[in-house]
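Worksheet: the structure to be examined is printed underneath.
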There are 2 protein chains.
Amino acid sequence: MEPEHIDVTAETGLPRGPGTHQDCRGVASVLSRVGDKWSVLVIMLLRDGPRRFNELKRMINGISQRMLTLTLRGLERDGLVTRTVFPTIPPRVDYELTDLGRGLAVPVMALGEWAFAHLPEIEGARNDFDARNGEG
Amino acid sequence: MEPEHIDVTAETGLPRGPGTHQDCRGVASVLSRVGDKWSVLVIMLLRDGPRRFNELKRMINGISQRMLTLTLRGLERDGLVTRTVFPTIPPRVDYELTDLGRGLAVPVMALGEWAFAHLPEIEGARNDFDARNGEG
DNA sequence: CAGGATCCGAGGCGATACTG
DNA sequence: CAGTATCGCCTCGGATCCTG
């Protein structure tokens, strides 16, 4: 029996039987959301309640309006965030975490806390590595 | 009091006082590792014990040798993986998870399990979104 | 076997300008 | 206010060739 063979097949969603590695790609797509700096930031900010577009933009301070738009679209597409338009003048749009989004925030927070707790080790390791590599 | 202001300042590591948002960047750098498809895959594969370079390459099946090299270098740099060279002919290099790496695997697994459990919801949301957007 | 060097195309992302 | 559209850089990543 060969070791588990991970097949990251492209978008060609082939029939591969049940319990297959198709799931891998799906899981990976969620992980990549977490890897996306802006997405996690937005999710964390929305944990306190709904926010407006420019409100988020100001809070993050460094994101372009383009990236904020794309980020929010992605989160909305994944069902993590709802987008509510108030047809007033000037227009107002509220973004709010869904239950799914709040659920995702839990393991993400756990991961973030681990990262925070081990930052010294990691940065130490980086320095050591760079030092070794830099002067050989 | 204004809402929490997240400043994702660039690499200009400024003095910002203690308990500052500098940590944000550090945490983000760890999260981005998780977002990196290959890194997570490699970590998961290494949980069963050390592996050789081409062994990993075959198991992953789809990664270029270049990306595997870069991925392993990154993991090594962060102190998540050790690289052991056996000066034989032909050469042999073993990669193994460190305790730090095994520690990271825990919250990552939790995240992965959440993702797996909620894949149907997420993919359903995506389909709905795409349908709404596609035919307006 | 393990990986360095190089080339090159696709896409991520910021900056800017325009709209309802 | 909350976007869309466009441009242009610039990194990421695959493919290929070469080495100890």
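Residue numbering restarts at 1 for every chain, and letters A, B, ... go by the order of the sequence lines. Everything numeric in this text was worked out from a predicted model, so none of it was measured.
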What's the closest nucleotide to the [X] side chain, out of [options]?
X       : options               : result
A:Pro90 : D:dG3, D:dC1, C:dG14  : D:dC1
A:Thr69 : D:dG3, D:dC1, C:dG3   : D:dG3
B:Trp38 : C:dG14, D:dG14, D:dG3 : D:dG14
A:Pro91 : D:dA2, C:dA2, C:dC13  : D:dA2
A:Met67 : C:dC1, C:dG14, D:dA2  : C:dG14
A:Arg83 : D:dA2, D:dG14, D:dT4  : D:dA2

Taking [atom1] from [X] and [atom2] from [N], how many angstroms apart are they, rounded to a whole number?
X       : N      : atom1 : atom2 : result
B:Leu72 : C:dG3  : CG    : C1'   : 11 Å
A:Asp36 : C:dC13 : CG    : P     : 6 Å
A:Ile63 : D:dA2  : CD1   : P     : 14 Å
A:Phe86 : D:dA2  : CZ    : C1'   : 14 Å
A:Lys57 : D:dC1  : NZ    : P     : 11 Å
A:Arg66 : D:dA2  : CZ    : C1'   : 16 Å
A:Ile89 : C:dT19 : CD1   : P     : 17 Å
B:Leu70 : D:dA15 : CG    : P     : 14 Å

Checklist entry - So does B:Tyr95 get a side-chain nitrogen or oxygen closer than 4.0 Å to the phosphate oxygens (OP1/OP2) of C:dG3? => result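 True: B:Tyr95 side-chain N/O within range (under 4.0 Å) of C:dG3 OP1/OP2.
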
Next on the checklist: It should be established whether B:Arg92 places a side-chain nitrogen or oxygen under 4.0 Å from OP1 or OP2 of nucleotide D:dG20.
Outcome noted: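 For D:dG20, OP1/OP2 do not have a side-chain N/O of B:Arg92 under 4.0 Å.
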
Next on the checklist: Can you tell whether the side chains of A:Arg132 and A:Asp130 come within less than 4.0 Å, N to carboxylate O?
Outcome noted: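 A salt bridge is absent here (no side-chain N lies under 4.0 Å from a carboxylate O).
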
Checklist entry - Judged by atom type as modelled, is there a donor-acceptor pair below 3.5 Å linking the side chain of B:Glu76 to the main-chain atoms of B:Arg73? => result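 Not at all, since once roles are kept as given, no pair shorter than 3.5 Å links the two residues.
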
Next on the checklist: Using only modelled atom types and a 3.5 angstrom limit, is any donor from either the side chain of B:Gln65 or the base of C:dG4 paired with an acceptor on the other?
Outcome noted: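 It does, because a donor-acceptor pair links the side chain of B:Gln65 to the base of C:dG4 below 3.5 Å.
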
Checklist entry - Is the count of non-hydrogen atoms from other residues, nucleotides or ligands lying under 6.0 Å from B:Phe86 atom CZ greater than 12? => result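 Yes, enclosed.
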
Next on the checklist: We want to know whether A:Tyr95 and A:Arg83 form a side-chain donor-acceptor pair, criterion being a heavy-atom distance below 3.5 angstrom.
Outcome noted: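 Short answer, yes.
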
Checklist entry - Hey, are B:Arg126 and A:Ser29 close enough side-chain-wise for a donor-acceptor pair under 3.5 Å? => result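 Per modelled atom types, A:Ser29 and B:Arg126 side chains form a pair under 3.5 Å.
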
